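A short write-up of the structure that comes next.
Predicted, not measured: the structure shown is a model, and the values here were computed from it. Values below: all heavy atoms of this structure, side chains included; hydrogens, waters and symmetry mates excluded.
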Amino acid sequence: MVDVIITGGGPVGLMLAGELRLHGVHVVVLEKEKEPSGHARALGLHVRSIEVMDQRGLLERFLALGRQYPVRGSFAGITKPAPGRLDTAHPYILGIPQNLTERLLAEHAIEVGTEIRRGCELAGLSQDDTGVTAELADGTRLRGRYLVGCDGGRSIVRKLLGVGFPGEPARTEWLLAEAEVAATPQELDAAAARARTAGVRFGPAPHAVGVYGFVVPADGVTEDRTAPPTLEEFRQRLRALAGTDFGVHSPRRLTRFGDATRLAERYRSGRVLLAGDAAHVHPPLGGQGLNLGIQDAFNLGWKLAAEAVGWAPEALLDSYQAERHPVAADVLNNTRAQGELLSSEPGPQAVRQLVSELMDFEEVNRYLIEKITAIGVRYDFGDEHPLVGRRLRDIELKRGRLYTLMHGGRGLLLDQTGRLSVAGWADRVDHVVDVSEELDVPAVLLRPDGHVAWAGDDQQDLLSQLPRWFGAPVG
Ligand SMILES: Cc1cc2nc3c(=O)[nH]c(=O)nc-3n(C[C@H](O)[C@H](O)[C@H](O)COP(=O)(O)OP(=O)(O)OC[C@H]3O[C@@H](n4cnc5c(N)ncnc54)[C@H](O)[C@@H]3O)c2cc1C
(Lines give C-alpha, C1' and ligand atoms only; values in the text may rest on other atoms or scores of the structure.)
Protein backbone atom coordinates (compact mmCIF):
# COMPACT_ATOMS: atom_id res chain seq x y z
CA MET A 1 0.00 0.00 0.00
CA VAL A 2 1.51 3.33 -1.06
CA ASP A 3 0.19 6.61 0.30
CA VAL A 4 -0.53 8.35 -3.00
CA ILE A 5 -0.63 7.02 -6.56
CA ILE A 6 -0.28 9.75 -9.15
CA THR A 7 -1.51 8.84 -12.61
CA GLY A 8 0.40 10.84 -15.20
CA GLY A 9 3.99 12.02 -15.13
CA GLY A 10 3.42 15.31 -16.95
CA PRO A 11 4.33 18.63 -15.32
CA VAL A 12 1.41 18.54 -12.89
CA GLY A 13 1.92 14.98 -11.68
CA LEU A 14 5.65 15.59 -11.24
CA MET A 15 5.10 18.86 -9.36
CA LEU A 16 2.59 17.16 -7.07
CA ALA A 17 4.95 14.27 -6.40
CA GLY A 18 7.70 16.67 -5.32
CA GLU A 19 5.31 18.50 -2.98
CA LEU A 20 4.08 15.29 -1.35
CA ARG A 21 7.60 13.98 -0.86
CA LEU A 22 8.56 17.11 1.12
CA HIS A 23 6.31 15.69 3.83
CA GLY A 24 7.64 12.14 3.65
CA VAL A 25 4.57 10.77 1.85
CA HIS A 26 5.20 7.55 -0.11
CA VAL A 27 4.40 8.42 -3.74
CA VAL A 28 4.37 6.38 -6.95
CA VAL A 29 3.90 8.10 -10.30
CA LEU A 30 2.45 5.94 -13.08
CA GLU A 31 3.33 7.23 -16.55
CA LYS A 32 2.15 5.37 -19.62
CA GLU A 33 4.89 6.60 -21.95
CA LYS A 34 8.16 4.69 -21.78
CA GLU A 35 10.25 7.80 -22.49
CA PRO A 36 9.71 11.56 -22.09
CA SER A 37 8.31 12.96 -25.35
CA GLY A 38 11.05 15.56 -25.79
CA HIS A 39 8.44 17.88 -27.31
CA ALA A 40 7.25 21.20 -26.00
CA ARG A 41 3.68 22.41 -25.84
CA ALA A 42 3.94 25.18 -23.24
CA LEU A 43 6.73 27.61 -23.90
CA GLY A 44 7.14 29.31 -20.57
CA LEU A 45 6.30 30.08 -16.96
CA HIS A 46 4.33 33.07 -15.74
CA VAL A 47 5.12 35.04 -12.59
CA ARG A 48 3.21 32.93 -10.08
CA SER A 49 4.78 29.67 -11.30
CA ILE A 50 8.21 31.32 -11.17
CA GLU A 51 7.46 32.31 -7.56
CA VAL A 52 6.37 28.74 -6.80
CA MET A 53 9.71 27.42 -8.05
CA ASP A 54 11.47 30.04 -5.94
CA GLN A 55 9.49 29.01 -2.86
CA ARG A 56 10.82 25.49 -3.26
CA GLY A 57 14.41 26.40 -4.07
CA LEU A 58 14.08 25.23 -7.69
CA LEU A 59 14.25 28.56 -9.47
CA GLU A 60 18.00 28.60 -10.11
CA ARG A 61 17.68 25.44 -12.23
CA PHE A 62 14.89 26.96 -14.29
CA LEU A 63 16.74 30.26 -14.74
CA ALA A 64 19.80 28.37 -15.96
CA LEU A 65 17.82 26.77 -18.81
CA GLY A 66 15.30 29.52 -19.56
CA ARG A 67 15.29 33.01 -20.93
CA GLN A 68 13.77 35.99 -19.15
CA TYR A 69 11.45 38.40 -20.97
CA PRO A 70 10.02 41.44 -19.19
CA VAL A 71 6.31 41.12 -18.36
CA ARG A 72 4.14 43.29 -20.54
CA GLY A 73 0.44 43.83 -20.89
CA SER A 74 -0.81 41.17 -23.26
CA PHE A 75 -4.37 40.04 -23.84
CA ALA A 76 -5.62 38.36 -27.01
CA GLY A 77 -2.47 39.57 -28.74
CA ILE A 78 -3.07 43.22 -27.73
CA THR A 79 0.21 44.32 -26.18
CA LYS A 80 0.97 47.25 -23.88
CA PRO A 81 3.92 48.19 -21.68
CA ALA A 82 3.75 46.73 -18.15
CA PRO A 83 2.40 49.08 -15.48
CA GLY A 84 4.95 50.29 -12.92
CA ARG A 85 5.79 48.14 -9.88
CA LEU A 86 4.07 44.81 -10.27
CA ASP A 87 3.57 43.12 -6.91
CA THR A 88 6.35 40.56 -7.35
CA ALA A 89 10.08 40.13 -7.02
CA HIS A 90 10.02 38.33 -10.41
CA PRO A 91 8.48 40.69 -12.99
CA TYR A 92 9.32 38.56 -16.03
CA ILE A 93 8.12 35.65 -18.14
CA LEU A 94 10.51 32.72 -18.16
CA GLY A 95 10.75 31.25 -21.64
CA ILE A 96 11.42 27.54 -21.14
CA PRO A 97 9.96 24.73 -23.25
CA GLN A 98 7.63 22.28 -21.51
CA ASN A 99 9.94 19.30 -22.05
CA LEU A 100 12.65 21.09 -20.03
CA THR A 101 10.15 22.04 -17.31
CA GLU A 102 9.15 18.37 -17.11
CA ARG A 103 12.78 17.28 -16.99
CA LEU A 104 13.58 19.62 -14.11
CA LEU A 105 10.46 18.64 -12.17
CA ALA A 106 11.22 14.94 -12.71
CA GLU A 107 14.81 15.43 -11.51
CA HIS A 108 13.55 17.17 -8.38
CA ALA A 109 10.82 14.58 -7.74
CA ILE A 110 13.36 11.76 -7.98
CA GLU A 111 15.89 13.60 -5.78
CA VAL A 112 13.31 13.85 -3.00
CA GLY A 113 12.45 10.17 -3.30
CA THR A 114 9.59 9.76 -5.79
CA GLU A 115 9.29 6.46 -7.61
CA ILE A 116 8.35 7.08 -11.24
CA ARG A 117 7.17 3.97 -13.12
CA ARG A 118 7.35 4.57 -16.85
CA GLY A 119 5.50 2.39 -19.35
CA CYS A 120 2.73 1.90 -16.75
CA GLU A 121 -0.74 2.71 -17.99
CA LEU A 122 -3.72 2.97 -15.68
CA ALA A 123 -6.67 1.08 -17.14
CA GLY A 124 -9.15 0.88 -14.26
CA LEU A 125 -9.71 1.84 -10.64
CA SER A 126 -11.97 1.10 -7.73
CA GLN A 127 -12.10 2.56 -4.24
CA ASP A 128 -13.37 1.62 -0.80
CA ASP A 129 -13.18 3.08 2.70
CA THR A 130 -9.47 2.45 3.13
CA GLY A 131 -7.96 3.02 -0.28
CA VAL A 132 -7.91 2.91 -4.07
CA THR A 133 -6.96 -0.03 -6.28
CA ALA A 134 -5.34 0.96 -9.55
CA GLU A 135 -5.59 -1.60 -12.34
CA LEU A 136 -2.79 -1.35 -14.83
CA ALA A 137 -2.96 -2.19 -18.53
CA ASP A 138 -0.51 -5.08 -18.00
CA GLY A 139 -3.01 -6.74 -15.65
CA THR A 140 -1.18 -5.92 -12.39
CA ARG A 141 -2.67 -3.90 -9.53
CA LEU A 142 -1.39 -1.27 -7.17
CA ARG A 143 -3.09 -0.21 -3.98
CA GLY A 144 -2.84 3.33 -2.60
CA ARG A 145 -4.58 5.30 0.12
CA TYR A 146 -5.26 8.09 -2.38
CA LEU A 147 -4.99 8.47 -6.15
CA VAL A 148 -4.64 11.69 -8.11
CA GLY A 149 -5.45 11.85 -11.81
CA CYS A 150 -2.89 14.10 -13.47
CA ASP A 151 -3.39 12.28 -16.74
CA GLY A 152 -4.19 15.17 -19.06
CA GLY A 153 -7.26 16.44 -20.90
CA ARG A 154 -8.46 12.99 -21.95
CA SER A 155 -8.07 11.75 -18.37
CA ILE A 156 -9.12 8.15 -17.90
CA VAL A 157 -9.30 8.79 -14.14
CA ARG A 158 -11.96 11.46 -14.68
CA LYS A 159 -13.88 9.15 -17.02
CA LEU A 160 -13.68 6.18 -14.65
CA LEU A 161 -15.01 8.35 -11.83
CA GLY A 162 -17.89 9.45 -14.05
CA VAL A 163 -17.10 13.09 -13.30
CA GLY A 164 -18.81 15.35 -15.83
CA PHE A 165 -16.67 17.61 -18.02
CA PRO A 166 -19.10 20.25 -19.23
CA GLY A 167 -18.12 23.06 -21.58
CA GLU A 168 -17.78 23.66 -25.29
CA PRO A 169 -16.34 21.22 -27.85
CA ALA A 170 -13.59 22.36 -30.19
CA ARG A 171 -14.84 24.73 -32.89
CA THR A 172 -11.41 25.34 -34.37
CA GLU A 173 -8.45 23.05 -34.74
CA TRP A 174 -4.76 23.65 -35.45
CA LEU A 175 -2.03 21.36 -36.70
CA LEU A 176 1.25 21.56 -34.82
CA ALA A 177 4.30 20.26 -36.61
CA GLU A 178 8.04 20.15 -36.19
CA ALA A 179 9.76 19.23 -39.44
CA GLU A 180 12.81 19.73 -41.62
CA VAL A 181 12.44 22.26 -44.43
CA ALA A 182 14.11 22.60 -47.82
CA ALA A 183 13.44 26.37 -48.02
CA THR A 184 16.00 28.91 -46.77
CA PRO A 185 15.43 30.89 -43.54
CA GLN A 186 15.01 34.03 -45.70
CA GLU A 187 12.22 32.40 -47.71
CA LEU A 188 10.48 31.33 -44.51
CA ASP A 189 10.80 34.79 -42.95
CA ALA A 190 9.46 36.49 -46.07
CA ALA A 191 6.47 34.13 -46.27
CA ALA A 192 5.74 34.60 -42.55
CA ALA A 193 5.83 38.41 -42.99
CA ARG A 194 3.45 38.22 -46.00
CA ALA A 195 1.08 35.99 -44.03
CA ARG A 196 1.14 38.35 -41.03
CA THR A 197 0.19 41.27 -43.27
CA ALA A 198 -2.74 39.19 -44.52
CA GLY A 199 -3.76 38.49 -40.91
CA VAL A 200 -2.70 34.80 -41.01
CA ARG A 201 -0.18 33.28 -38.58
CA PHE A 202 1.51 29.95 -39.09
CA GLY A 203 4.86 30.30 -37.31
CA PRO A 204 7.43 29.31 -38.41
CA ALA A 205 9.71 29.11 -35.37
CA PRO A 206 13.27 27.81 -35.79
CA HIS A 207 13.92 24.81 -33.48
CA ALA A 208 17.32 23.68 -34.83
CA VAL A 209 19.33 24.21 -38.00
CA GLY A 210 16.91 23.41 -40.86
CA VAL A 211 14.16 22.35 -38.43
CA TYR A 212 11.08 24.51 -37.85
CA GLY A 213 7.97 24.41 -35.73
CA PHE A 214 4.66 25.40 -37.35
CA VAL A 215 1.13 25.93 -36.10
CA VAL A 216 -1.40 26.07 -38.93
CA PRO A 217 -5.20 26.24 -38.76
CA ALA A 218 -6.66 22.88 -39.82
CA ASP A 219 -9.32 22.52 -42.48
CA GLY A 220 -12.21 21.88 -40.06
CA VAL A 221 -12.36 19.84 -36.85
CA THR A 222 -11.64 16.10 -37.02
CA GLU A 223 -13.87 13.67 -35.19
CA ASP A 224 -11.01 11.71 -33.69
CA ARG A 225 -8.45 14.19 -32.47
CA THR A 226 -6.29 11.44 -31.04
CA ALA A 227 -5.35 10.57 -34.65
CA PRO A 228 -2.32 12.67 -35.64
CA PRO A 229 -2.43 14.56 -38.94
CA THR A 230 -0.55 13.12 -41.91
CA LEU A 231 2.41 14.90 -43.45
CA GLU A 232 0.32 15.39 -46.62
CA GLU A 233 -2.51 17.04 -44.65
CA PHE A 234 0.02 19.41 -43.09
CA ARG A 235 1.62 20.20 -46.48
CA GLN A 236 -1.78 20.99 -47.98
CA ARG A 237 -2.58 23.42 -45.18
CA LEU A 238 0.76 25.16 -45.62
CA ARG A 239 0.16 25.48 -49.37
CA ALA A 240 -3.33 26.88 -48.75
CA LEU A 241 -2.03 29.45 -46.24
CA ALA A 242 1.42 30.37 -47.50
CA GLY A 243 1.25 29.37 -51.16
CA THR A 244 4.10 26.86 -50.63
CA ASP A 245 4.89 23.95 -48.34
CA PHE A 246 8.57 25.01 -48.03
CA GLY A 247 9.58 21.46 -48.95
CA VAL A 248 8.77 20.20 -45.43
CA HIS A 249 9.87 16.63 -44.82
CA SER A 250 11.03 14.23 -42.11
CA PRO A 251 8.55 15.41 -39.44
CA ARG A 252 9.72 14.98 -35.88
CA ARG A 253 6.28 15.69 -34.56
CA LEU A 254 2.78 16.01 -36.02
CA THR A 255 -0.13 16.64 -33.74
CA ARG A 256 -3.38 18.58 -33.54
CA PHE A 257 -5.03 20.65 -30.85
CA GLY A 258 -8.34 22.43 -30.57
CA ASP A 259 -10.06 25.13 -28.58
CA ALA A 260 -12.32 22.87 -26.49
CA THR A 261 -13.06 24.56 -23.17
CA ARG A 262 -14.19 22.33 -20.34
CA LEU A 263 -14.10 22.20 -16.54
CA ALA A 264 -14.59 19.10 -14.38
CA GLU A 265 -17.73 19.26 -12.26
CA ARG A 266 -15.82 17.98 -9.24
CA TYR A 267 -12.13 17.78 -8.36
CA ARG A 268 -12.66 15.05 -5.77
CA SER A 269 -14.55 11.83 -5.58
CA GLY A 270 -13.81 10.06 -2.29
CA ARG A 271 -10.13 9.16 -2.25
CA VAL A 272 -9.51 10.17 -5.86
CA LEU A 273 -8.70 13.72 -6.98
CA LEU A 274 -8.06 15.48 -10.28
CA ALA A 275 -5.45 18.12 -11.11
CA GLY A 276 -4.13 19.95 -14.17
CA ASP A 277 -5.56 19.28 -17.63
CA ALA A 278 -7.47 16.30 -16.22
CA ALA A 279 -9.61 18.91 -14.44
CA HIS A 280 -9.71 21.70 -17.03
CA VAL A 281 -8.92 22.30 -20.70
CA HIS A 282 -8.97 25.52 -22.69
CA PRO A 283 -7.20 26.97 -25.74
CA PRO A 284 -3.58 27.97 -25.12
CA LEU A 285 -4.31 31.71 -25.32
CA GLY A 286 -2.14 33.58 -22.85
CA GLY A 287 -0.08 30.43 -22.16
CA GLN A 288 -1.88 29.52 -18.94
CA GLY A 289 -2.68 25.76 -18.88
CA LEU A 290 0.57 24.36 -17.53
CA ASN A 291 0.87 27.24 -15.09
CA LEU A 292 -2.66 26.66 -13.81
CA GLY A 293 -1.92 22.96 -13.34
CA ILE A 294 1.36 23.56 -11.50
CA GLN A 295 -0.51 25.88 -9.16
CA ASP A 296 -3.22 23.21 -8.64
CA ALA A 297 -0.46 20.83 -7.56
CA PHE A 298 1.01 23.46 -5.25
CA ASN A 299 -2.38 23.95 -3.61
CA LEU A 300 -3.15 20.24 -3.32
CA GLY A 301 0.25 18.88 -2.29
CA TRP A 302 0.45 19.98 1.34
CA LYS A 303 -3.24 19.31 1.95
CA LEU A 304 -3.09 15.75 0.66
CA ALA A 305 0.17 15.23 2.55
CA ALA A 306 -1.57 16.40 5.75
CA GLU A 307 -4.30 13.80 5.12
CA ALA A 308 -1.79 11.07 4.46
CA VAL A 309 0.38 11.96 7.46
CA GLY A 310 -2.68 12.27 9.67
CA TRP A 311 -2.87 15.86 10.95
CA ALA A 312 -5.26 17.32 8.36
CA PRO A 313 -8.14 19.24 9.91
CA GLU A 314 -11.67 18.52 8.74
CA ALA A 315 -12.40 20.08 5.35
CA LEU A 316 -8.76 20.86 4.49
CA LEU A 317 -8.71 18.48 1.53
CA ASP A 318 -12.06 19.78 0.28
CA SER A 319 -10.66 23.31 0.31
CA TYR A 320 -8.61 22.20 -2.74
CA GLN A 321 -11.71 22.20 -4.94
CA ALA A 322 -13.25 25.20 -3.16
CA GLU A 323 -10.14 27.27 -3.93
CA ARG A 324 -8.98 25.95 -7.29
CA HIS A 325 -12.24 25.32 -9.17
CA PRO A 326 -13.14 29.06 -9.28
CA VAL A 327 -9.58 29.92 -10.38
CA ALA A 328 -9.85 27.50 -13.31
CA ALA A 329 -13.32 28.80 -14.18
CA ASP A 330 -11.83 32.29 -14.36
CA VAL A 331 -8.97 31.15 -16.62
CA LEU A 332 -11.45 29.39 -18.92
CA ASN A 333 -13.44 32.59 -19.12
CA ASN A 334 -10.47 34.76 -19.95
CA THR A 335 -9.48 32.36 -22.77
CA ARG A 336 -13.08 32.47 -24.07
CA ALA A 337 -12.89 36.28 -24.02
CA GLN A 338 -9.54 36.25 -25.79
CA GLY A 339 -10.92 33.85 -28.40
CA GLU A 340 -13.77 36.25 -29.15
CA LEU A 341 -11.39 39.21 -29.42
CA LEU A 342 -9.36 37.32 -32.03
CA SER A 343 -12.33 36.92 -34.34
CA SER A 344 -12.13 38.94 -37.56
CA GLU A 345 -15.87 39.71 -37.45
CA PRO A 346 -16.71 43.45 -37.19
CA GLY A 347 -18.43 43.16 -33.77
CA PRO A 348 -15.54 41.45 -31.95
CA GLN A 349 -13.09 43.72 -33.79
CA ALA A 350 -14.93 46.76 -32.35
CA VAL A 351 -14.77 45.25 -28.85
CA ARG A 352 -11.08 44.52 -29.40
CA GLN A 353 -10.47 48.17 -30.25
CA LEU A 354 -12.30 49.20 -27.08
CA VAL A 355 -10.34 46.71 -24.91
CA SER A 356 -7.13 48.03 -26.41
CA GLU A 357 -8.13 51.58 -25.44
CA LEU A 358 -9.12 50.46 -21.94
CA MET A 359 -5.75 48.74 -21.50
CA ASP A 360 -4.17 52.18 -21.78
CA PHE A 361 -5.59 52.77 -18.28
CA GLU A 362 -2.95 51.50 -15.89
CA GLU A 363 -5.48 49.83 -13.58
CA VAL A 364 -7.06 47.84 -16.43
CA ASN A 365 -3.66 46.81 -17.76
CA ARG A 366 -2.57 45.77 -14.25
CA TYR A 367 -5.80 43.86 -13.65
CA LEU A 368 -5.33 41.78 -16.80
CA ILE A 369 -1.62 41.15 -16.15
CA GLU A 370 -2.40 39.98 -12.61
CA LYS A 371 -5.01 37.64 -14.06
CA ILE A 372 -2.80 36.05 -16.73
CA THR A 373 0.24 35.77 -14.44
CA ALA A 374 -2.02 34.49 -11.60
CA ILE A 375 -0.56 36.86 -9.00
CA GLY A 376 -4.03 38.37 -8.58
CA VAL A 377 -5.51 35.10 -7.29
CA ARG A 378 -7.24 35.52 -3.95
CA TYR A 379 -8.86 32.57 -2.20
CA ASP A 380 -11.97 33.32 -0.17
CA PHE A 381 -11.03 32.61 3.46
CA GLY A 382 -13.94 34.72 4.71
CA ASP A 383 -11.64 37.42 6.09
CA GLU A 384 -11.80 41.05 4.98
CA HIS A 385 -8.13 41.79 5.60
CA PRO A 386 -6.69 42.76 2.20
CA LEU A 387 -3.74 40.33 2.50
CA VAL A 388 -5.68 37.27 3.66
CA GLY A 389 -6.29 34.73 0.89
CA ARG A 390 -3.58 36.25 -1.35
CA ARG A 391 -0.12 34.90 -1.81
CA LEU A 392 2.65 37.07 -0.37
CA ARG A 393 5.40 38.09 -2.78
CA ASP A 394 9.00 37.40 -1.84
CA ILE A 395 10.20 40.15 0.52
CA GLU A 396 13.54 41.14 1.98
CA LEU A 397 13.91 40.42 5.70
CA LYS A 398 16.77 41.51 7.97
CA ARG A 399 18.24 38.01 7.75
CA GLY A 400 17.55 37.04 4.15
CA ARG A 401 14.62 36.57 1.83
CA LEU A 402 11.22 35.22 2.76
CA TYR A 403 10.98 32.55 0.05
CA THR A 404 14.23 30.91 1.13
CA LEU A 405 12.48 30.12 4.42
CA MET A 406 9.75 28.19 2.62
CA HIS A 407 11.74 25.52 0.79
CA GLY A 408 10.58 22.76 3.15
CA GLY A 409 6.89 23.32 2.39
CA ARG A 410 5.87 24.01 5.99
CA GLY A 411 3.61 26.70 7.38
CA LEU A 412 5.33 29.90 8.49
CA LEU A 413 4.53 32.56 11.07
CA LEU A 414 6.46 35.69 10.09
CA ASP A 415 6.38 37.67 13.31
CA GLN A 416 7.61 41.29 13.43
CA THR A 417 6.45 41.69 17.05
CA GLY A 418 8.43 38.88 18.68
CA ARG A 419 5.47 38.35 21.02
CA LEU A 420 3.54 35.62 19.19
CA SER A 421 3.77 31.86 19.47
CA VAL A 422 2.92 28.74 17.47
CA ALA A 423 3.76 26.35 20.30
CA GLY A 424 1.62 23.27 19.78
CA TRP A 425 2.08 23.45 15.99
CA ALA A 426 5.88 23.71 15.94
CA ASP A 427 6.10 20.37 14.11
CA ARG A 428 4.09 21.85 11.20
CA VAL A 429 4.66 25.62 11.38
CA ASP A 430 7.96 27.54 11.56
CA HIS A 431 8.11 30.68 13.69
CA VAL A 432 10.39 33.36 12.25
CA VAL A 433 10.89 36.57 14.21
CA ASP A 434 12.25 39.15 11.78
CA VAL A 435 11.29 42.49 10.25
CA SER A 436 10.81 43.80 6.73
CA GLU A 437 10.28 47.29 5.36
CA GLU A 438 8.07 45.66 2.72
CA LEU A 439 5.53 44.26 5.19
CA ASP A 440 3.17 46.70 6.88
CA VAL A 441 1.33 44.27 9.17
CA PRO A 442 2.73 43.08 12.54
CA ALA A 443 2.64 39.39 11.59
CA VAL A 444 1.37 36.99 8.92
CA LEU A 445 0.67 33.28 9.03
CA LEU A 446 1.54 31.71 5.68
CA ARG A 447 0.27 28.35 4.48
CA PRO A 448 2.81 26.05 2.81
CA ASP A 449 1.63 27.38 -0.57
CA GLY A 450 2.51 30.94 0.47
CA HIS A 451 -1.07 32.20 0.80
CA VAL A 452 -1.77 34.39 3.81
CA ALA A 453 -3.99 32.52 6.29
CA TRP A 454 -3.99 35.22 8.95
CA ALA A 455 -2.61 38.74 9.55
CA GLY A 456 -2.52 40.72 12.79
CA ASP A 457 -0.87 40.87 16.21
CA ASP A 458 -3.35 39.18 18.53
CA GLN A 459 -2.28 35.80 19.92
CA GLN A 460 -5.85 34.69 20.66
CA ASP A 461 -6.90 35.55 17.14
CA LEU A 462 -3.92 33.59 15.79
CA LEU A 463 -4.85 30.61 17.96
CA SER A 464 -8.34 30.65 16.46
CA GLN A 465 -6.89 30.29 12.93
CA LEU A 466 -4.06 27.78 13.39
CA PRO A 467 -6.34 24.71 13.79
CA ARG A 468 -8.25 25.58 10.63
CA TRP A 469 -5.15 25.06 8.49
CA PHE A 470 -2.79 22.99 10.64
CA GLY A 471 -5.05 20.78 12.74
CA ALA A 472 -5.00 20.16 16.47
CA PRO A 473 -2.08 21.32 18.64
CA VAL A 474 0.19 18.70 20.16
CA GLY A 475 1.74 18.63 23.63
C1 LIG B 1 -0.16 23.88 -28.59
C2 LIG B 1 -0.20 24.06 -27.11
C3 LIG B 1 0.50 25.11 -26.56
C4 LIG B 1 0.46 25.31 -25.18
N5 LIG B 1 1.15 26.37 -24.66
C6 LIG B 1 1.09 26.60 -23.34
C7 LIG B 1 1.82 27.68 -22.77
O8 LIG B 1 2.51 28.42 -23.46
N9 LIG B 1 1.74 27.86 -21.43
C10 LIG B 1 1.01 27.04 -20.63
O11 LIG B 1 0.97 27.26 -19.40
N12 LIG B 1 0.34 25.99 -21.13
C13 LIG B 1 0.36 25.74 -22.47
N14 LIG B 1 -0.30 24.67 -22.99
C15 LIG B 1 -1.02 23.76 -22.07
C16 LIG B 1 -0.09 22.74 -21.41
O17 LIG B 1 0.63 22.04 -22.39
C18 LIG B 1 -0.93 21.79 -20.56
O19 LIG B 1 -1.79 22.55 -19.75
C20 LIG B 1 -0.05 20.91 -19.66
O21 LIG B 1 0.67 19.97 -20.44
C22 LIG B 1 -0.91 20.15 -18.65
O23 LIG B 1 -0.08 19.32 -17.87
P24 LIG B 1 -0.67 18.01 -17.20
O25 LIG B 1 0.46 17.41 -16.45
O26 LIG B 1 -1.94 18.31 -16.52
O27 LIG B 1 -1.08 17.06 -18.42
P28 LIG B 1 -0.18 16.46 -19.58
O29 LIG B 1 0.97 17.33 -19.90
O30 LIG B 1 -1.12 16.10 -20.69
O31 LIG B 1 0.41 15.13 -18.94
C32 LIG B 1 -0.43 14.01 -18.69
C33 LIG B 1 0.47 12.79 -18.57
O34 LIG B 1 -0.35 11.68 -18.22
C35 LIG B 1 0.07 10.54 -18.97
N36 LIG B 1 -1.09 9.63 -19.04
C37 LIG B 1 -2.25 9.82 -19.71
N38 LIG B 1 -3.07 8.77 -19.52
C39 LIG B 1 -2.41 7.91 -18.69
C40 LIG B 1 -2.75 6.64 -18.14
N41 LIG B 1 -3.93 6.05 -18.40
N42 LIG B 1 -1.86 6.03 -17.35
C43 LIG B 1 -0.66 6.62 -17.07
N44 LIG B 1 -0.28 7.81 -17.60
C45 LIG B 1 -1.15 8.45 -18.39
C46 LIG B 1 0.46 11.14 -20.32
O47 LIG B 1 1.33 10.28 -21.03
C48 LIG B 1 1.14 12.43 -19.88
O49 LIG B 1 2.52 12.25 -19.66
C50 LIG B 1 -0.29 24.44 -24.36
C51 LIG B 1 -0.98 23.38 -24.92
C52 LIG B 1 -0.95 23.19 -26.29
C53 LIG B 1 -1.71 22.05 -26.88
Results of side-chain hydrogen bond (donor to acceptor under 3.5 Å, both in side chains) for [X] - residues two or more places apart only:
X: Asp394; value: Arg401
X: Asp318; value: Arg268
X: Asp330; value: Lys371

Side chains of residues 441-448: which donor-acceptor pairs under 3.5 Å do they make with residues two or more places apart or in other chains?
residue	atom	partner	partner atom	Å
Arg447	NE	Asp449	OD1	3.2
Arg447	NH1	Glu323	OE1	3.4
Arg447	NH1	Glu323	OE2	2.8
Arg447	NH2	Glu323	OE1	2.8
Arg447	NH2	Asp449	OD2	2.7

Exercise. Salt bridge check: are Arg145 and Glu307 linked by an N-O gap of less than 4.0 Å?
Worked result: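 Answer for the salt bridge query: no.
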
Exercise. Phe165 ring centre to Arg158 NZ or CZ under 6.0 Å, with the angle to the axis within 45°?
Worked result: yes

Problem set entry | Residue pairs passing the salt bridge (charged side-chain N to carboxylate O under 4.0 Å, His left out) test where at least one lies in residues 104-116, sequence neighbours excluded | Arg61-Glu111, Arg103-Glu107, Glu115-Arg117

Problem set entry | Validation row: Glu31, Leu14 side chains within 4.5 angstrom (heavy atoms) | no

For this session: Assess the side chains of Glu396 and Ser436: does a donor N or O sit below 3.5 Å from an acceptor N or O?
Result: no

Problem set entry | Expected output: side-chain Thr373 to main-chain Ile369 donor-acceptor under 3.5 Å | yes

What pairs of donor and acceptor atoms, side-chain ones from residues 66-86 against any protein atom, are under 3.5 angstrom apart with sequence neighbours left out?
residue	atom	partner	partner atom	Å
Lys80	NZ	Ser356	O	3.1
Lys80	NZ	Ser356	OG	3.2
Lys80	NZ	Asp360	OD1	3.0

Exercise. Leu402 and side chain to side chain contact (heavy atoms under 4.5 Å, CB included): which partner among Leu439, Val432, Leu392?
Worked result: Leu392

